[in-house]
Number of protein chains: 2
Amino acid sequence: MKWDELEEEPCSMARTIGVIGDRWTLLILRECFLRTRRFEGFQSALGITRHLLAERLKKLVRQGVLRRIPYQESPKRHEYILTQKGLDLYPIMMALVHWGDTHMVDERGRPLLHEHRECGKMFDPVMVCSECGEPLSAKEVHVHPGPGARPAPERVLLDKKAKPKPRRKAA
Amino acid sequence: MKWDELEEEPCSMARTIGVIGDRWTLLILRECFLRTRRFEGFQSALGITRHLLAERLKKLVRQGVLRRIPYQESPKRHEYILTQKGLDLYPIMMALVHWGDTHMVDERGRPLLHEHRECGKMFDPVMVCSECGEPLSAKEVHVHPGPGARPAPERVLLDKKAKPKPRRKAA
DNA sequence: ATTTGACAGTTCAATTTTAGAACTATAGAA
DNA sequence: TTCTATAGTTCTAAAATTGAACTGTCAAAT
């Protein structure tokens, strides 16, 4: 599968993955949220090769996640700043951090704590329903086709083949 | 950077990325949440090469995100089921979908709608503070080192170098 | 006036990953 | 016996990534 194909898929997750779904891009975005703005800053913080960094930054700019803003003339220098589209990635970042905090910490505990300015407390992010405010879990959610739904060709194929499905003696 | 190194980093996000931070793994997990359980199911839904699929499934099992459960003897066949650790990835998945819904839809609209069983309504996921319940945004959150924090070697280096930082004439 | 250093890239060979396709193995069904 | 379904494994070619060096601009230091 080529990368650009992902963005064409009738699936919001696939499209998002097409934009930010690789290791380096996610780490670059982490740095963005930690206030890194310049090429050298990203490079030395991450140890990414300059080649890849240049490429990834270009892509993020092309996608409208970052904006390339001059901060100096002669020689021309630019900073990479999160757009609103980029800032909207925050829940994804926090969700990644929180899962790591929950399932990937060692004896030493969490590397970072997060303080909510509004209430002044250290917090965890919680994902809730926009309608009733209750916390969400996979089992309470049902999926329906939306207006942008299209049958994926392979699925159609599968469905057509969906014969009686012989179940053999269970384990 | 090697993949295993990511899991060693003093950063929950990097560790999470080490486990699920590549295109195919994320797409495989999408299928898991859509109730796909078997090798062929993943393969035909995604069009991933069988080689990579086998590898990714193995890794997810090793990481405790999926469990490999026999559903049939002779020939031995297994299903891949989300563990609790895997189910806990749900907020990440929803955050990815929601960003795509917000920023990557075409004229046709959303490919999928989500219904919350509790309240019966179509919803969007919202990330809120566990302490005060208010929605979160990047600017309201401050980061502090936690018990598991370690100075990254490169950062230390950077800090030492952090000289007055000559600013040249602005743009 | 020349050298040094910071910054933001670009280029290129070597290595690693991924894609695509074919192949293996088991066992029930036709 | 042959066909099909399932779950892989193996192999080569193509693509992506790494590591390291190189380019170019300008300010500051010598």
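What you see is a predicted model, and the numbers here were worked out from it, not measured in a lab. The sequence lines fix the lettering, A, B, ..., with proteins before strands; numbering per chain opens at 1.
In this structure, the CZ atom of B:Arg50 is 12 Å from the P atom of D:dA5, given to the nearest Å. One interatomic measurement links the two molecules: OH of B:Tyr71 to P of C:dA27, which rounds to 14 Å at whole-angstrom precision. If you take NZ of A:Lys76 and P of D:dA27, they are 15 Å apart, rounded to a whole angstrom. Distance, A:Glu73 CD to D:dA27 P: 12 Å, rounded to whole Å. Put simply, CD on B:Gln43 is 14 Å from P on D:dA5, counting in whole angstrom units. Rounded to a whole Å, the CD atom of A:Gln72 is 11 Å from the C1' atom of C:dA8. Nucleotide C:dA8 holds its P atom 8 Å from the CD atom of A:Glu79, rounded to whole Å. Atom CG of A:Leu6 is separated from atom C1' of C:dT18 by 14 Å (rounded to the nearest Å).
Take the nearest nucleotide of DNA chain D for B:Arg68 and for A:Ile48: the residue whose nucleotide is more 5' is B:Arg68.
Expressed to the nearest 0.5 Å, how far CG of B:Asp88 lies from CG of B:Leu82 amounts to 10.0 Å.
Here C:dT26 is the nucleotide among C:dT26, C:dC7, D:dG19 with the atom lying nearest to any side-chain atom of B:Arg77. Comparing atom distances between the A:His51 side chain and each of C:dG20, C:dC12, C:dA8 picks out C:dC12 as nearest. Picking from D:dA7, D:dT18, C:dA8 the nucleotide with the shortest atom distance to the side chain of A:Leu52 gives D:dT18. Among D:dG19, C:dA8, D:dT25, the nucleotide with an atom closest to any side-chain atom of A:Thr49 is D:dG19.
For A:Glu8, there are no side-chain contact (heavy atoms from CB on, under 4.5 Å) partners, not counting sequence neighbours. Checked against side-chain contact (heavy atoms from CB on, under 4.5 Å), B:His116 has the following partners two or more places apart in sequence or in another chain: A:Cys129, A:Cys132, A:Glu134, A:Leu136, A:Glu140, B:Glu118, B:Cys119, B:Phe123. With sequence neighbours left out, the ring pair (Phe, Tyr, Trp, His ring centres under 6.0 Å) criterion links A:Trp99 to A:His103. The side-chain hydrogen bond (donor to acceptor under 3.5 Å, both in side chains) check on B:His114 picks up nothing, with sequence neighbours excluded. With sequence neighbours left out, the side-chain hydrogen bond (donor to acceptor under 3.5 Å, both in side chains) criterion links A:Glu107 to no other residue.
In the region residues 53-62 of chain B, proximity to DNA chain D at under 4.0 angstrom, judged on heavy atoms, holds for B:Ala54, B:Lys58.
For the pair B:Tyr80 and D:dT6, the criterion of a side-chain N or O lying under 4.0 Å from OP1 or OP2 is not met. Taking side-chain N and O atoms only, A:Trp24 has a distance below 4.0 Å to OP1 or OP2 of D:dT18.
Ring geometry, B:Phe42 versus B:Tyr80: the interplanar angle exceeds 60°, so the pair is classed perpendicular (tilted spans 30 to 60°).
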